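Please read these numbers as outputs of a predicted model, since none were measured by experiment.
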Amino acid sequence: MSIEPEVITRIEGGVGRITLNRPWAIHALNRAMCETMIEALLAWRDDAAVTSVLIDHAGERGFCAGGDIRMIADSGAGDASEAKAFFRTEYQLNHLMFEYPKPITAIVDGIVMGGGVGISEPADVRIATERTTYAMPETGIGLFPDVGGGWFLPRLPGQTGVWLALTGARLKAQATIELGIHTHYVPAEQIEALKAELVAGGAPVEVAEKYAFAIPPALKDIREAIDRLFAFDTVEEIFAALEAEGSDWALKQLETLKTKSPQSLKVSLRQIRIGATLSSFADNMAMEYALGGRVVQTHDFQEGVRAVIVDKDNAPNWSPADLSGVSEATLDALFAPLPAGEAWSPL
C-alpha cells in the first residue's frame with residue numbers, strides 16, 4: 001500500500017498549494033513536514049508561474065494543533081538536539097513565510113494552535129470559519145507561545161496578546177477577526193468555492209473579500225478589563241490586579257492562571273515584553289530559539305507534557321510551585337543569547 005505524504009505540495013493554476021495531510025494527529029508538525037514546506041516555498045519564490053500560495057489541510061478536525069510535542073519532550077529529556085533541530089527548521093519556515101514576496105492565503109478551518117499559528121499568522125490572508133478555534137495554550141504544558149508569538153502577540157490590540165499567552169484562552173472566529181488574528185470570516189461551506197476561484201486566477205484579497213461575511217465582535221465587554229489588568233510587567237502584579245478587581249471574569253482568569261506553570265507564565269510575559277521592542281521578526285525568532293532549546297529541558301515542560309499529553313491526568317506538579325520561586329536569575333539564564341555558532345539564523 002502507498003503511504004500518503006504528510007504534506008502535499010503542487011501547483012494548480014497559478015497557485016502553489018500546500019495541504020497538511022496528517023489528519024490523525026490534527027496535522028501536528030514534525031521536522032520533515034516543515035522541510036517539505038520550505039522546499040516548496042523556495043522553489044515557488046522565483047517561479048514566475050506561481051503568483052500566490054494557498055495553505056490548507058485535509059480532513060475535518062482542524063488546520064494544525066501544534067508541533068509534535070511528544071518528540072520534543074522525549075528529546076528534551078536527553079540532550080534536546082532533535083528538539084532544537086525541529087525548532088530551527090520550524091522557525092526558518094515561519095520566517096520564510098513572514099518575508100515571502102508573494103501573497104499567502106491560509107485557511108484555518110477548525111483547530112489552530114501553537115505551531116499551526118506559526119504557519120498561518122505570517123500569511124497575508126488568514127481565513128477563519130465557524131469551526132475555527134484558536135489558542136496559544138503553551139503555559140499549560142510548561143512551554144511558551146513560540147513560533148513567532150513574541151512578535152505577533154504584543155502587536156494585537158491593547159494587552160489582548162498577554163491575556164492570550166498567559167491564560168491560553170480559546171477563541172472562536174468572532175474574537176479572532178475582532179483582534180485581527182484572522183483577516184476574513186468565510187462559512188466553511190463556501191471554502192471550496194473560494195479555493196476554486198483562487199486557483200482560477202483570482203487575486204487573494206479580492207477573492208477573500210467576495211466570500212467574507214461581517215460577524216459581530218465577541219470580546220468588546222472585556223477589552224477594557226484585559227487592557228487594564230494585563231498591563232503589568234510582572235506576573236505577580238497581574239495576579240494582584242485580577243484579585244483586587246474581584247469580578248467574576250477577573251477571578252476566573254486568576255483561577256485559570258493558577259493552574260499554569262509559574263515558570264512559563266514569567267517566561268511568556270518577558271518574551272512578549274521583549275518581543276514588543278524588537279525591530280525584526282528574525283530577532284524575535286532568534287530569541288525564541290535560544291529560549292526554546294532551554295525550556296524543553298526544564299522540569300516544568302517534561303512534567304506538563306506528562307500531565308496533559310502522556311498520562312492525561314491534568315495534574316502537573318510544577319516546580320517551582322509558585323511565582324515567588326521563579327527568580328530573575330533563572331529567567332536571565334533562559335533568555336541568554338546563544339554563542340554565534342549555535343544561534344538561530346534565517347534561511
Pair Asp332-Arg270, salt bridge (Lys or Arg N to Asp or Glu O under 4.0 Å): steps then yes or no: CA-CA 10 Å; Asp332 290 343; Arg270 184 185 281 207; 2.8 Å; yes
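- Ring geometry for Phe281 against Phe152 counts as tilted: the plane angle lies between 30° and 60°, on a 0 to 90° scale.
- Of all non-hydrogen atoms in Lys102 and Val50, the two that sit nearest each other are NZ-O, 2.7 Å.
- Contacts classified as side chain to side chain donor-acceptor pair (under 3.5 Å) and involving residues 150-162 (residues at least two apart or in different chains) are given here: Gln159-Arg273.
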Verdict with reasoning, Asp56 to Arg17, per salt bridge (Lys or Arg N to Asp or Glu O under 4.0 Å): CA-CA 8 Å; Asp56 63 4; Arg17 294 200 58 179; 2.8 Å; yes
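- The shortest non-hydrogen separation linking Ala169 to Trp163 is CB-CZ2, 3.8 Å.
- Under a 4.5 Å side-chain heavy-atom criterion applied to ILVMFWY residues, the cluster that includes Ile26 comprises Ile111, Met113 as well.
- With hydrogens and angles disregarded, a donor-acceptor distance shorter than 3.5 Å links the side chain of Gln302 to the backbone of Val296.
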Derivation of the salt bridge (Lys or Arg N to Asp or Glu O under 4.0 Å) call for Arg306 and Asp313: CA-CA 8 Å; Arg306 180 207 64 75; Asp313 60 21; 2.7 Å; yes
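- Sorted by first and then second residue, the ring pair (Phe, Tyr, Trp, His ring centres under 6.0 Å) pairs involving residues 291-327 (not counting sequence neighbours) form an empty list.
- Under the 4.5 Å side-chain heavy-atom criterion for grouping Ile, Leu, Val, Met, Phe, Trp and Tyr, Ile215 is not connected to Ile181 through any hydrophobic cluster.
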Steps toward side-chain contact (heavy atoms from CB on, under 4.5 Å) verdict (Gln263, Leu334): CA-CA 10 Å; Gln263 174 181 282; Leu334 289 171; 4.2 Å; yes
Residue pair Lys258, Glu255: steps toward the salt bridge (Lys or Arg N to Asp or Glu O under 4.0 Å) verdict: CA-CA 5 Å; Lys258 285 178 175 174; Glu255 190 184 334; over 6 Å; no
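- Remark: the Ser81 side chain and the Asp79 side chain contain an N/O donor-acceptor pair separated by less than 3.5 Å.
- With sequence neighbours left out, Lys84 forms a side chain to side chain contact (heavy atoms under 4.5 Å, CB included) with Ala80, Tyr289.
- Within the 3.5 Å criterion, the main-chain N or O of Val235 finds no donor-acceptor partner in the side chain of Lys266.
- Val15 and Met37 fall into different hydrophobic clusters, where Ile, Leu, Val, Met, Phe, Trp and Tyr are joined by side-chain heavy atoms under 4.5 Å apart, directly or via other members.
- No hydrogens or angles considered: nothing links the side chains of Asp124 and Tyr100 as a donor-acceptor pair under 3.5 Å.
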side-chain contact (heavy atoms from CB on, under 4.5 Å) assessment of His184 paired with Tyr211: CA-CA 9 Å; His184 299 82; Tyr211 285 91; over 6 Å; no
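- Both Met287 and Leu153 belong to a common hydrophobic cluster when Ile, Leu, Val, Met, Phe, Trp and Tyr are linked at side-chain heavy-atom distances under 4.5 angstrom.
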Step-by-step side-chain hydrogen bond (donor to acceptor under 3.5 Å, both in side chains) determination, Asp322 to Ser324: CA-CA 6 Å; Asp322 58 76; Ser324 60; 2.3 Å; yes
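- For the pair Ser264 (side chain) and Leu143 (backbone), a donor-acceptor distance under 3.5 Å is present.
- Using a 4.0 Å cut-off between charged nitrogen and carboxylate oxygen, Arg88 and Glu342 do not count as a salt-bridge pair.
- Both Leu41 and Met285 are members of a single hydrophobic cluster when ILVMFWY side chains are connected at heavy-atom separations under 4.5 Å.
- Taking each heavy atom of Pro154 and Gly149 in turn, the nearest pair found is CD-O, 3.5 Å.
- Applying the side chain to side chain donor-acceptor pair (under 3.5 Å) test to every pair with at least one member in residues 166-177, sequence neighbours left out, gives these pairs: Thr133-Lys172, Thr176-His182.
- By the side-chain hydrogen bond (donor to acceptor under 3.5 Å, both in side chains) test, Asp109 pairs with Thr129, Arg131, sequence neighbours left out.
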Verdict with supporting geometry, Asn21 and Thr19, side-chain hydrogen bond (donor to acceptor under 3.5 Å, both in side chains): CA-CA 6 Å; Asn21 191 38; Thr19 300; over 6 Å; no
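- For Phe232 and Phe239, the gap between ring centers reaches or exceeds 6.0 Å.
- The cluster map of Ile, Leu, Val, Met, Phe, Trp and Tyr, joined by side-chain heavy atoms under 4.5 Å apart, puts Val305 and Phe87 in the same cluster.
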